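Some notes on the structure that comes next.
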Amino acid sequence: MCLAIPALVTALHDGAMASVSVGGIAKQVSVALLEQVAVGDYVLLHVGYALHRVSEEEARRTLAMMAEAGLLQAEVADMGATAKSAGVVHEIR
Amino acid sequence: MKYVDEFRDRDLARTLAAAIAAAADPARDYNFMEFCGGHTHAIFRYGVQDLVPANVRFVHGPGCPVCILPARRLDDAIELAERHGVILCSYGDMLRVPGTGRRSLLKAKADGADIRMVYSTLDALDIARANPGREVVFLGIGFETTTPPSAAAIVQAQAEGIANFSVFCNHVLTPPAIRHILEAPEIDPSQAARLDGFLGPSHVSTIIGSRPYEFLAARYAKPVVIAGFEPLDVMQSVLMLIHQVNEGRVEVENQYTRVVTRDGNAKAQELVDGIFELRPSFEWRGLGSVPDSALAIRAEYAAFDAEKRFTLSEKRSRETKSCECPAILRGVKKPKDCKLFGKACTPETPMGACMVSSEGACAAYWTYRRMETLAEMAAE
Amino acid sequence: MTTPSPDLSGAVDMSHGGGGRAMARLIRDIFLRHLANPLLDQGHDATRIDAGSGRIAVTTDAHVISPLFFPGGDIGSLAAHGTLNDLAMAGARPVALTAAFIIEEGFPLADLDRIAASMGQACRAAGVPVATGDTKVVERGKGDGVFITTSGIGVVPAGVDIGPRRLRPGQAVLLSGPIGDHGIAILSKRQGLEFGTEIRSDSAALHRMVADMVAVVPGIAVLRDPTRGGLSATLNELTNAAGVGMLLDERAIPVRPEVAAACELLGLDPLNIANEGKLVCVCEPEDAETLLAVMRDHAEGRDAALIGHVTVGQPGFVRMTTAIGGQRVVDWLSGEQLPRIC
């Protein structure tokens with residue numbers, strides 16, 4: 001029950017409301033649940049409310065880890081190692 | 001779309017699939033429970049099973065709030081609309097779910113009840129503002145993700161003096177349900193042991209953080225990876241769980257770092273704490289009565305509590321007989337183990353909630369993997 | 001073609017359906033003003049048409065839609081396009097339409113005029129006249145503004161034989177453009193689901209494009225417009241009727257970014273969303289590129305794409321390779337698709 005989608009904040013309004021763009025669709029949403037928010041932030045939108053800011057840096061890191069899983073895998077295979085590819089994505093926190 | 005398309009990339013999926021295949025030990029099985037219906041939906045919608053080895057299995061959990069709402073609460077909601085004549089506002093998900101006698105909100109609406117589908121509690125407030133002479137009740141369902149918007153609506157209604165608005169609160173909590181699955185005496189103890197780890201809730205965790213799951217690792221020795229809802233998030237989390245299992249580690253790891261922190265959203269938590277309090281116990285379809293697993297509206301906000309404002313009659317509510325939803329929700333049975341599946345029970349004629357909600361395991365199997373499932377049933 | 005503007009303040013009342021002078025005035029001031037053509041001008045209840053030689057195709061379609069006016073069209077243009085497309089999907093050249101209006105008492109005359117004007121414009125653009133019509137008025141509360149039933153007749157050229165029984169494994173499945181525009185445009189206008197950006201309905205007449213397709217490849221196996229129930233319903237109907245399977249590639253199916261975003265936002269699947277200006281064409285694999293080129297020469301088919309193939313196995317099932325490379329069944333909807341938050 002938790003369909004939520006990243007949305008770009010395009011304007012802030014009174015009453016803890018904001019305009020956001022979801023893939024080009026403009027929508028008015030509540031930002032009452034956020035500590036702070038600025039125009040240009042991406043937020044996670046759920047039933048008309050922004051739940052959390054989306055961290056660009058963390059998203060990039062996650063994608064890099066995914067790509068790296070393959071690289072490490074290839075290395076392990078090259079070495080002919082049977083051992084597990086320890087800690088591939090372990091340190092994602 | 002940013003933060004969506006990248007996490008559905010076919011090349012990266014292939015990369016992760018290869019890494020999972022290489023990491024999974026063919027000599028053993030990996031049984032991971034995805035608690036959330038959102039994960040169930042993503043796994044089926046994108047065919048994630050096809051990209052992992054056969055010994056990596058998904059066990060579907062009870063994290064579908066539509067599925068776990070017992071018939072009694074749904075019957076109560078229908079009573080609010082029919083007997084008390086309120087405008088009942090509900091998310092679309094609930095409308096087709098069958099209550100006692102397979103009566104749904106949609107059927108009640110066809111019979112003349114004023115039931116309206118809303119996308120947000122903001123819409124429900126608008127309906128209350130536009131109909132000052134009518135009582136407007138919002139049917140609040142959902143986990144920790146969906147609770148803060150209900151709380152915010154009550155705060156807003158109080159601030160504006162919207163006196164005709166109330167919430168019929170059915171909000172439930174995730175960690176007690178997971179604990180219940182691992183502890184409930186009616187569940188075969190081998191069942192809990194069979195689970196090798198959990199894909200932890202994603203959007204629930206944006207609110208409550210990853211900390212509330214630490215007991216799972218500490219007390220029950222079950223690895224947890226908080227996982228996003230996109231297919232690549234699920235795959236990466238599976239890889240992380242496999243590594244934990246292989247290395248004998250038992251930790252709460254967070255794959256969904258772009259929106260989940262250890263402590264979650266403090267402001268939303270505070271808001272929820274201010275409006276709601278723990279119910280001593282709440283009935284879950286499938287799990288039975290689970291202590292401290294749901295929220296009720298605090299006495300200070302009784303004016304906005306539909307359960308206080310309206311007298312709900314005693315009912316003899318009944319779940320549909322021989323429907324295996326309860327066992328399926330606990331992860332003990334699969335849809336193919338239900339003799340109604342695909343016969344008496346299809347999305348056109350649902351007998352249980354698991355076939356209605358797109359997050360329900362039965363609906364997922366029926367919609368996305370029907371051929372395989374029916375073939376397995378025929379073979380057995 | 002238009003006479004001086006009549007007085008369009010006021011609303012439809014029961015006298016407009018009574019068969020008397022008021023009704024005659026309504027027909028003259030609104031319907032004839034916008035829809036006049038030599039066939040309609042015959043002034044008979046039954047119009048005589050010289051349709052030429054060939055097999056006659058006939059179709060009828062009732063149009064009920066809320067809201068009546070939506071971005072990219074209204075019930076008037078939709079009623080014309082829908083029936084023109086039903087004829088085109090039989091490979092027929094449309095010859096004439098008929099239109100029956102059921103109007104609710106109290107409906108504003110100005111809105112009725114707008115609807116008739118838009119239908120007239122759609123028919124002129126399509127080069128297909130409304131040959132005869134009918135008007136009824138129902139009491140307030142017994143209709144939803146306006147319902148329009150349009151029938152159409154057309155002529156099928158020799159050598160054209162379109163139908164699901166001609167589906168064979170190996171054939172190519174083509175789609176004329178991005179899906180979901182119409183359904184999302186309608187949804188976005190309904191109460192509670194307001195989007196700032198306008199997504200326009202794709203409502204359009206496809207018969208000219210089809211005429212060119214049929215001229216180049218008369219052996220087209222199937223044409224079908226994926227309206228209600230969307231692409232998934234259309235393909236499931238076809239595979240069920242023909243006892244074949246299909247395999248689609250999710251990444252090949254065009255969806256506008258805004259429509260994809262709206263679907264994400266509402267928890268809908270674009271495959272289930274209605275279209276009013278798209279077609280699915282199933283043809284021999286060697287004809288696929290030729291037909292795609294013909295389609296892309298038309299505005300309605302600019303983004304045409306090859307989206308999959310007819311398969312031997314699993315008769316009655318449509319399968320799809322998903323974005324990430326897994327597989328799933330493409331099911332048709334059970335009942336109305338409801339927005340979900342889960």
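Chain A is the first sequence line, chain B the second, and so forth, proteins listed ahead of strands; every chain is numbered from 1. Nothing here was measured: the structure is a model prediction, and the numbers come from that model.
Under the 30°/60° scheme for interplanar angles, the aromatic rings of B:Trp284 and B:Phe143 are found to be tilted. Between B:His203 and B:Tyr256, the ring planes lie tilted relative to each other; the angle falls in the 30° to 60° range.
Among residues two or more places apart in sequence or in another chain, the salt bridge (Lys or Arg N to Asp or Glu O under 4.0 Å) test is passed with B:Asp11 by B:Arg14. Among residues two or more places apart in sequence or in another chain, the side-chain contact (heavy atoms from CB on, under 4.5 Å) test is passed with B:Gln156 by B:Leu125, B:Arg129, B:Glu160. The side-chain contact (heavy atoms from CB on, under 4.5 Å) test applied to B:Ser120 returns A:Tyr49, B:Leu122, B:Asp123, not counting sequence neighbours.
The candidate with the highest count of non-hydrogen atom pairs below 4.5 Å against chain A, out of B:Asn265, B:Val225, B:Val204, is B:Asn265. Between chain A and the residues B:Leu271, B:Asp233, B:Thr206, the most heavy-atom pairs under 4.5 angstrom are made by B:Thr206. Residue with the most contacts toward chain A among B:Ile207, B:Val155, B:Leu12: B:Leu12 (heavy-atom pairs, distance under 4.5 Å). Chosen from A:Ala59, A:Gly23, A:Ser30, the residue pairing most often with chain B at heavy-atom distances under 4.5 Å is A:Ala59. Most heavy-atom pairs under 4.5 Å with chain A, from the set B:Glu144, B:Lys267, B:Arg262, B:Glu6: that is B:Lys267. Comparing A:Leu63, A:Ile5, A:Val29 by how many heavy-atom pairs each has under 4.5 Å with chain B, the most go to A:Leu63. Ranked by heavy-atom pairs under 4.5 Å with chain A, the list B:Ala268, B:Pro149, B:Ala266 is led by B:Pro149.
B:Tyr3 touches chain A through backbone and side chain together, each having a heavy atom under 4.5 Å away. Residue A:Leu51 touches chain B through both its backbone and its side chain, counting heavy-atom pairs closer than 4.5 Å. With a 4.5 Å cut-off on non-hydrogen atoms, B:Ile242 does not touch chain A at all. Neither the backbone nor the side chain of A:Glu57 comes within contact range of chain B, judged by heavy atoms closer than 4.5 Å. Residue contact with chain B, scored on non-hydrogen atoms closer than 4.5 Å, is absent for A:Leu8. Of the two parts of B:Asp25, neither the backbone nor the side chain holds a non-hydrogen atom closer than 4.5 Å to a non-hydrogen atom of chain A.
Annotation: residues 34-43 of chain A contacts chain B through A:Leu34, A:Glu35, A:Tyr42 [non-hydrogen atoms, separation under 4.5 Å].
Cation-pi geometry between B:Arg28 and B:Tyr30 is satisfied (NZ or CZ under 6.0 Å from the ring centre, within 45° of the ring normal).
B:Leu51 places none of its side-chain heavy atoms less than 4.5 Å from the side chain of B:Tyr46. Using a 4.5 Å cut-off on side-chain heavy atoms (C-beta onward), B:Ser210 and B:Thr261 make no contact. Side-chain contact between A:Gln28 and A:His13 is present, with heavy atoms from C-beta onward closer than 4.5 Å. Using a 4.5 Å heavy-atom cutoff, the side chains of A:Arg61 and B:Thr257 are not in contact.
Using a 3.5 Å distance cut-off with no hydrogens or angles, the side chains of B:Gln236 and A:Thr62 do not pair a donor with an acceptor.
Going from atom CD of B:Glu251 over to atom CD of B:Gln244 covers 5.0 Å, rounded to the nearest 0.5 Å.
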